[in-house]
Structures are given as C-alpha cells and as structure tokens.
Peer 1: 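Once you've had a glance at the structure underneath, I'll fire off some questions.
In what follows, every chain begins at residue 1, and chains take the letters A, B, ... in the order their sequences are listed. Quick note: numbers below take in every heavy atom, side chains included, and nothing from hydrogens, waters or symmetry partners. Since this is a predicted model, take the numbers as computed values, not measurements.
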2 protein chains.
Amino acid sequence: MQRGQESPDAVKVRTLPVQVAAHLTRRIVSGDIEDGRAPSELDISREFGVSRVVARETLKILASLDIVDVAQGRRVVVRPRAEWDYLSPLLIEWLPAEIVGELLQELHQMRVLLEPELAAMAAASVTDETLDRLRGEIDRMAALEGDPNAYLEVDHEFHMEICRAADNRILDRIMYSARWLGTASRRVTNEAPAGLRRATAEHTEIYEALVARDPAGARAAMRRHLSNNYSTLLAEKGKHTKRAARRR
Amino acid sequence: MQRGQESPDAVKVRTLPVQVAAHLTRRIVSGDIEDGRAPSELDISREFGVSRVVARETLKILASLDIVDVAQGRRVVVRPRAEWDYLSPLLIEWLPAEIVGELLQELHQMRVLLEPELAAMAAASVTDETLDRLRGEIDRMAALEGDPNAYLEVDHEFHMEICRAADNRILDRIMYSARWLGTASRRVTNEAPAGLRRATAEHTEIYEALVARDPAGARAAMRRHLSNNYSTLLAEKGKHTKRAARRR
DNA sequence: ATGTCCAACTTGTCCTATAAGCTGATGACA
DNA sequence: TGTCATCAGCTTATAGGACAAGTTGGACAT
C-alpha cells in the first residue's frame, strides 16, 4: 500500500511527455545538449514526431524538476545540474547508474543526520498505535525476507512510521522522497541485498528501544542500523571513486 | 543573484494555469472541495472560463505538487494533505498564513537537525574560496541591515554556501527548498525582523569557527544562531497552538 | 444473484490558429 | 562612428475542435 501513483504491478507505459522528458534529460546528462541550448517546443515536436502539446508538457515536466527554465518569448535554457530536483523519483529514474550510485551515498549521508534524531524524538512521544503498526511491519518483513522488493517496501514504511511520530510535514516530505531508494538501489546493486535477516534484527532493536521509551537507545540503534545498511550497500556495488570538481 | 525563475522586482503576473491552480488549492484547503471529488478538466474549463489546455496544465501542476492524482480515464482525486509537497515554494505561497506559520516551525525543526552538523562538516573541509565568499556575504549583510528583504536573500545564500561544502546534492536540494523561508516569514511576521544586527554577529561567529577549522565550535555557533532565530520568529508572531489530530 | 457488456465520462494526443513577449538586427539620427 | 528606437522573426501562452484510449457504473441477459 501507499504506492502513490504507481500501478499495482505492471510497469504501465508512461505518457508520451514523460518518455520524451526522459530522453531529453538523458541527452542533457550525457552532454549531448550543451547548457543553455535546450530545444524549443517546435524542435521537440519535430524531432520526436509528437504534437506541440506533448512537446509543451515535456518542457513543463523538465521545468518542474528544475532541469530547465522556460518563460514566454525566451528560449528554454538548461539550469545548472546542481539545482536539479534530486528528490524526485522521476529524475532519479532517468539518471545513469553511476550518478544514482553517488546519490545513494548522499542520500544515506542525509539519513544518518536525520534518522537517529527522529528515532530519539519518536521514543519520547510514540503512541501505542504506532508501536502496534511498527510491530506489524517487523513481522511482515520477517515473512518477506525471500522477496527483497516487497521487503524494501515495508522497510520504507517502517522508517516513515518513525518519522511520522515527529509530526512534522517537512521532515515527512524529505523522508517520503527517499522512497526512490528502494528502486534505485535495486537498479544499482542489481541483486537481492544480502543482509535482510540482519536488518530485521536491527529493526527489532529500534522497536524495543521505542517500546522502552528510551531516546538514547533508539538513537543508537538507528545509527547502528544505518551504518550496517551502508556497508552492505558499498559491498554490493564496489567502491565508487568520489567525483571531483563537479560544480559549475 | 541565484533568483531562479523569479523576475527581478516586479511581481510578474503568473500564467493562467498557475493562477487557477492557486484558486483550486485554496478551495481544497478550505474544505470547499471534498476529498476525492476534484473537478475534471471540463469542470475547470467551464468554471474559470479557460481553455481545456489551461485546465489540463492546471491539473498537471497540482499533480506535480502531489496535491492530486491524475490518470487516464479515472477522475482526478485529491491526495491526503500529509503527502503534499510542502517543500515547494508554489504550494507555500497558496497556503493560508496560519498553516505557513506551522510550517515555518517545522522547517526550523528540520534545520536544527541538519545545519549544526553541516557546519561541523564544513569546518572540516572548507576551502579558502568558500571562506572568501562567506566573508563577502557577511559584509553585504552588514550593509543591508536596513533592507530586510535583501538581507534575507544574502542570509539564505550564506547558509547555502555552508551546505555546499558538504558536496551533497540531496542536502543541497533540501536546504535550497528552504528558500521560501524568507518570503513566507515575511508574510507571517509582516514586519522587519528585529534582530538583524545580532544575526550578523552570529554569522560572524560561525564564520570564525570555520576559519579556525573547528567543527565543534561551528556546530555550537550554528546551534546558537538557529535558536536565536527561532525565538525572534516566535516573538514576532505570537504563540501558535500546535494543531492536534491533523493526520488522516 | 451474478457475470457480461456497453454507454457515458474522463484523460491523452493531435491539429490549427492567434495572442503576447523577447531578442537581435536594421537603420535613423546625432 | 556611436547611440538608440524600431521592427521582424522567433518563442511561448492560450484557444477551440476533434478523435483515441482507458475507466467506471449500470443495463441487461443468464
């Protein structure tokens, strides 16, 4: 559940504007389109053989991801990569595996900063209903260790549940955006994560700290969990040399 | 600089779809539109006297903010408020001052979790060029204490500069989204913040800790800064009773 | 009562036309 | 020669009409 706009199981062919936007983004990333020389509506219409309406919606999608700037009369311009909306699952899906790998590390860094504190806050204010739901999700995960995809769905829901305890829409949104972690990491590792059983044990530790209303314990347990998470991630996809001088 | 898609000073009349989207969002928030009964393209077209193209783009905007779900054949449905994209300046602009006030608190809570650590990380790896820019921004702020709007622009840039030192696109994006803080807080407080001079002093403290490459000092200075920031925010707009039982 | 099928509704895409805004080049004028 | 107003051409914004494709709920037959 909580699948957002995704369809149940079939991949569901995306709409034309989304497909074209994907193509264009890949071309921009590959350097095929130099900055500031983005194609116009007519260019897109001609090149992809789509109507101007579709070309137009394509540009609107790219604009909503802060990939381009579009204004009446002015030519469309590509914005600096540093300002793109890397929290959007759509954009992530279009990026090459190499960049996604980097983003996974950066996402993890963010989670390390936020989630231990969220767990501590949750421990101070968690309700019995939330604890029940967490318990249920742990059980479901334990039963899904053979199905990594489904497991990661529940995993995400478990972390979201803790985040929700903070009753903060901004933090909610940030963590919710991390839902692409599952899909992306699957794309990068291309294999079932090894440590699902250990993850379940770690989730249980977090849960027990919450039951005990122990902020420090919850924080520590979450920190351990994330740290283990990270090492399996690294182990699966090999070492990535950190990019240098990417900005500007 | 770094103004994104905003025009220099004039408010620049927004496009028709944006205006209509604003209207609809306000109506949804006010409860005028019951959940799951969003107007169709034709409804919008008729009610607002716009073409179907505009009605269509309106729905696409709302969809990109996760306010509604739209799919072929199915009627447009309003999504749960908890899942809206509260990181979007567009949405913030359309929300009533009361909710914006709450969001400002939640945003601040997020910053308290992230920024002190960002400052500590920056202290460990900051370059001389970044220090130069920070120095320049402090000077500019000192000269702009009479112009709160311009001051807050540079203020945001100062914090972004520190964030950038972490070389993390995810964190960048999160902090970048906080750029609506300036506009929103101005809408809420409706007055020039009192403590600009103190803010400059605090920025200088952070800067000096960075110059000294002192992570702990930078973390502490940033924490003090945010805490002071928060009290002036609270003082200006009076106490807000925290909403209860908002979810679901 | 149950399952099939269809009609009505809704979004997706296309075509054509016009309005509105920007940019750069042309050319008048000093 | 230098400066500035003007305008042609390009671009996006909006409009209207048409058809394709997908969904839903009710009519209808079993």
Peer 1: Got Arg75(A) and Val70(A) here, is their nearest side-chain heavy-atom distance under 4.5 Å?
Peer 2: no
Peer 1: So, do Arg37(B) and Val78(B) sit near enough that their side-chain heavy atoms are less than 4.5 Å apart?
Peer 2: no
Peer 1: Describe, in one word, how the ring planes of His159(B) and His203(B) are oriented to each other, choosing from parallel (under 30°), tilted (30 to 60°) and perpendicular (over 60°).
Peer 2: perpendicular
Peer 1: Flag the pair Asp155(B) / Met141(B) as yes when at least one side-chain heavy-atom distance between them is below 4.5 Å, and no otherwise.
Peer 2: yes
Peer 1: Could you state the CZ-C1' distance from Arg75(B) to dG22(D), rounded to the nearest angstrom?
Peer 2: 15 Å
Peer 1: Can you check each nucleotide of nucleotides 12-17 of chain C against protein heavy atoms at under 4.0 Å and return B for base, S for sugar-phosphate only, - for none, in 5' to 3' order?
Peer 2: BBBB--
Peer 1: Indicate whether OP1 or OP2 belonging to dT10(C) is found under 4.0 Å from a side-chain N or O atom of Arg74(B).
Peer 2: no
Peer 1: Quick one: does Tyr86(A)'s side chain get under 4.5 Å of Leu95(A)'s, heavy atoms only?
Peer 2: yes
